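Below: the structure, in structure tokens.
Predicted model, so just to flag it, every value in this text is computed and none were measured.
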Amino acid sequence: MVAFLFPGQGAQHPRMGADLYGVSQRFTTTMDQAFDAFGPSGRTIRQEWLAASPSSSYDDISRSQPLLYAVNCALGALLLDSGVRPDALLGHSVGELAAGTLGGVIDFESGLRYLRDFVRIHRHAPPGGMLAVAATEEQVAPHLRDDVVVGAVNGPRQLLLAGTDPALRHVELDLVDAGFTCTRARARQPFHSPVMRAVLDTHGPTAARPRLRPPHTVIFSACTGDVLTDDEATDWTYWSGQAARPVLFAPALRRLLASGDHVLVEAGPGQSLTTLARRTSAVASGRSLAVPTLPPRRGADGADLHTFTTALEQLRSHGHAPRAAVPLS
């Protein structure tokens with residue numbers, strides 16, 4: 001079985017997937033549709049994406065969230081055009097919106113409208129961010145303070161803390177003093193913390209509510225750690241409240257792998273989810289396989305295309321894609 005994994009905030013990097021732009025018609029059309037949907041700001045988003053050294057705003061929700069969603073969906077669509085058919089979908093943070101789109105819950109145009117409202121609403125969030133910590137929830141619990149919470153559970157000792165500044169900075173210093181390894185994630189807002197709920201309650205009532213449909217492909221929810229039900233998929237509050245709830249990626253991935261052996265295809269920028277998957281017993285033992293479709297970070301020109309075509313050949317060798325040319329024209 002094949003499962004697509006879609007990364008979220010923090011996976012963005014300069015020119016992610018850009019080598020496919022102007023080469024793959026499907027990829028290019030999807031990205032241009034996203035830029036057009038954001039109007040005048042779409043041109044700025046495109047410029048930032050294609051820049052070798054984008055501005056500091058690149059990690060802000062006004063840039064990162066539209067780009068992550070668009071690149072995830074564009075790669076997912078390109079894989080489908082290549083004949084790869086997923087049996088399951090799993091997204092991390094905004095990656096879950098891409099999973100919902102590829103799974104038929106929300107169409108791409110409606111997803112872009114949702115993101116426009118998301119950016120409008122959550123730009124009111126106080127300054128903050130997320131902190132990657134190599135520790136368990138029990139180990140970090142004594143160090144949490146104020147509004148700093150566990151924002152994501154990515155693995156047995158792989159957490160993301162979320163909170164506003166300067167509280168997050170204070171927690172970071174405490175953890176470093178206690179001997180824990182900490183790294184700031186590429187986020188400028190305290191995603192997946194209760195702070196975002198207050199922002200949504202204040203600024204979200206006027207947000208558009210796109211039509212939602214039951215998924216046609218199984219989606220594993222990183223909000224619940226289980227299979228996304230039809231009731232959840234078609235409940236607007238499930239999607240609108242994601243930014244205020246923790247990401248349970250590790251439990252969701254365990255649940256997915258418990259359902260059978262899978263080829264896990266990371267259909268998005270970087271290789272963060274591939275790395276997490278390779279640390280599971282299912283992948284480490286060889287029962288399941290993790291395949292990235294883009295390089296871990298921006299490399300030499302052509303690296304995106306090379307990694308994608310290599311991934312496609314690997315999928316073909318396992319019988320998950322037809323022997324046909326890559327649809328890059």
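Looking at P246 and V150, their side chains never come closer than 4.5 Å, going by heavy atoms from C-beta outward. Between Q47 and F35, every side-chain heavy-atom pair lies at or beyond the 4.5 Å cut-off. Contact annotation: the side chain of E137 approaches that of L159 to within less than 4.5 Å [non-hydrogen atoms, C-beta and beyond]. Between H122 and Q189, every side-chain heavy-atom pair lies at or beyond the 4.5 Å cut-off. The shortest side-chain heavy-atom distance between Y238 and L212 does not fall under the 4.5 Å cut-off. Between M31 and V71, some side-chain heavy-atom pair lies under the 4.5 Å cut-off. With contacts defined as side-chain heavy-atom distances shorter than 4.5 Å, the pair S53/P14 does not qualify. Side-chain contact between H13 and P296 is absent, with no heavy-atom pair separated by less than 4.5 Å.
Shown here is R209, whose CZ atom has no more than 12 heavy atoms of other residues, nucleotides or ligands within 6.0 Å.
Between W236 and Y114, the angle of the ring planes goes over 60°, which puts this pair in the perpendicular group of the 30/60° scheme. Ring geometry for H320 versus H318: interplanar angle under 30°, hence parallel rather than tilted (30 to 60°).
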Checklist entry - Between T224 and D226, is a side chain to side chain donor-acceptor pair (under 3.5 Å) present by the stated rule, with each step listed? => result CA-CA 5 Å; T224 67; D226 208 334; 6.0 Å; no
Checklist entry - Hey, mind stepping through S110 and R113 against side chain to side chain donor-acceptor pair (under 3.5 Å) and telling me if it holds? => result CA-CA 5 Å; S110 297; R113 288 199 300 270; 3.0 Å; yes
Item to check | D231 and T229: CA distance, side-chain angles, deciding distance, side chain to side chain donor-acceptor pair (under 3.5 Å) verdict | outcome: CA-CA 5 Å; D231 286 343; T229 67; 5.4 Å; no
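Ion pairing between a basic and an acidic side chain is recognised when a charged N comes within 4.0 Å of a carboxylate O; R188 and D59 show no such pairing. For the pair D19 and R298, the salt-bridge criterion is met [side-chain N within less than 4.0 Å of a carboxylate O].
For the atom pair CG (N72) and CZ (F4), the distance works out to 11.5 Å, reported to the nearest 0.5 Å. Between atom CG of residue L67 and atom CZ of residue R15 there is a gap of 12.5 Å, rounded to the nearest 0.5 Å. In this structure, CG on L79 lies 8.5 Å from CG on L102, to the nearest 0.5 angstrom. Atoms CZ and CD, on F118 and Q242 in that order, are 8.5 Å from each other to the nearest 0.5 Å. Taken from CD in E96 to SG in C223, the straight-line distance is 4.5 Å, to the nearest 0.5 Å. Distance check: H306 NE2 to D301 CG gives 14.0 Å after rounding to the nearest 0.5 Å.
Taking each heavy atom of A178 and H143 in turn, the nearest pair found is CB-CE1, 3.8 Å. Looking at every heavy atom in both residues, T30 comes nearest to C73 through CG2-C, 4.3 Å. Minimum interatomic distance between P215 and D230 (heavy atoms only, all atoms of both residues): CD-OD1, 3.5 Å.
Between the side chain of T164 and the backbone N or O of G128 there is no donor-acceptor pair closer than 3.5 Å. Panel note: side chain R186, backbone Q12; a donor-acceptor pair is recorded below 3.5 Å. Using modelled atom types, no side-chain atom of R184 and backbone atom of L131 make a donor-acceptor pair closer than 3.5 Å. Within the 3.5 Å criterion, the main-chain N or O of V2 finds a donor-acceptor partner in the side chain of D87. In this structure a side-chain-to-backbone donor-acceptor pair under 3.5 Å is missing from R123 to D60. With R316 contributing its side chain and A321 its backbone, the two residues share no donor-acceptor pair below 3.5 Å. T29 places no side-chain N or O within donor-acceptor distance of the main-chain N or O of R26, the cut-off being under 3.5 Å. Y58 places no side-chain N or O within donor-acceptor distance of the main-chain N or O of W49, the cut-off being under 3.5 Å. Within the 3.5 Å criterion, the main-chain N or O of L80 finds a donor-acceptor partner in the side chain of R85. Side-chain atoms of S82 do not come within 3.5 Å of backbone N or O of V84 as any donor-acceptor pair.
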Under 3.5 Å, which donor-acceptor pairs link side chains of residues 193-205 to any protein atom two or more places apart or in another chain?
residue : atom : partner : partner atom : Å
S193    : OG   : P190    : O            : 2.8
T202    : OG1  : A198    : O            : 3.0

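There is a side-chain donor-acceptor pair under 3.5 Å between S285 and R287. Side-chain contact annotation: Q65 with Q9, donor-acceptor N/O pair under 3.5 Å present.
Cluster annotation: V105 is not connected to V218 through the hydrophobic network of ILVMFWY side chains, with a link wherever side-chain heavy atoms come within less than 4.5 Å. In the hydrophobic cluster analysis, where Ile, Leu, Val, Met, Phe, Trp and Tyr join through side-chain heavy atoms closer than 4.5 angstrom, L228 is grouped apart from L253. A continuous path of ILVMFWY side-chain contacts below 4.5 Å connects V291 to L78, so both sit in one hydrophobic cluster. Note on F308 and F6: same hydrophobic cluster, where clusters join Ile, Leu, Val, Met, Phe, Trp and Tyr whose side-chain heavy atoms are under 4.5 Å apart, directly or indirectly. Hydrophobic cluster membership differs between V263 and L90, with clusters built from Ile, Leu, Val, Met, Phe, Trp and Tyr side chains linked at under 4.5 angstrom.
In this view, A152 and H92, N154, L160, V247 satisfy the side chain to side chain contact (heavy atoms under 4.5 Å, CB included) rule, not counting sequence neighbours.
Residues Y69 and F108 bring their aromatic ring centres within 6.0 Å.
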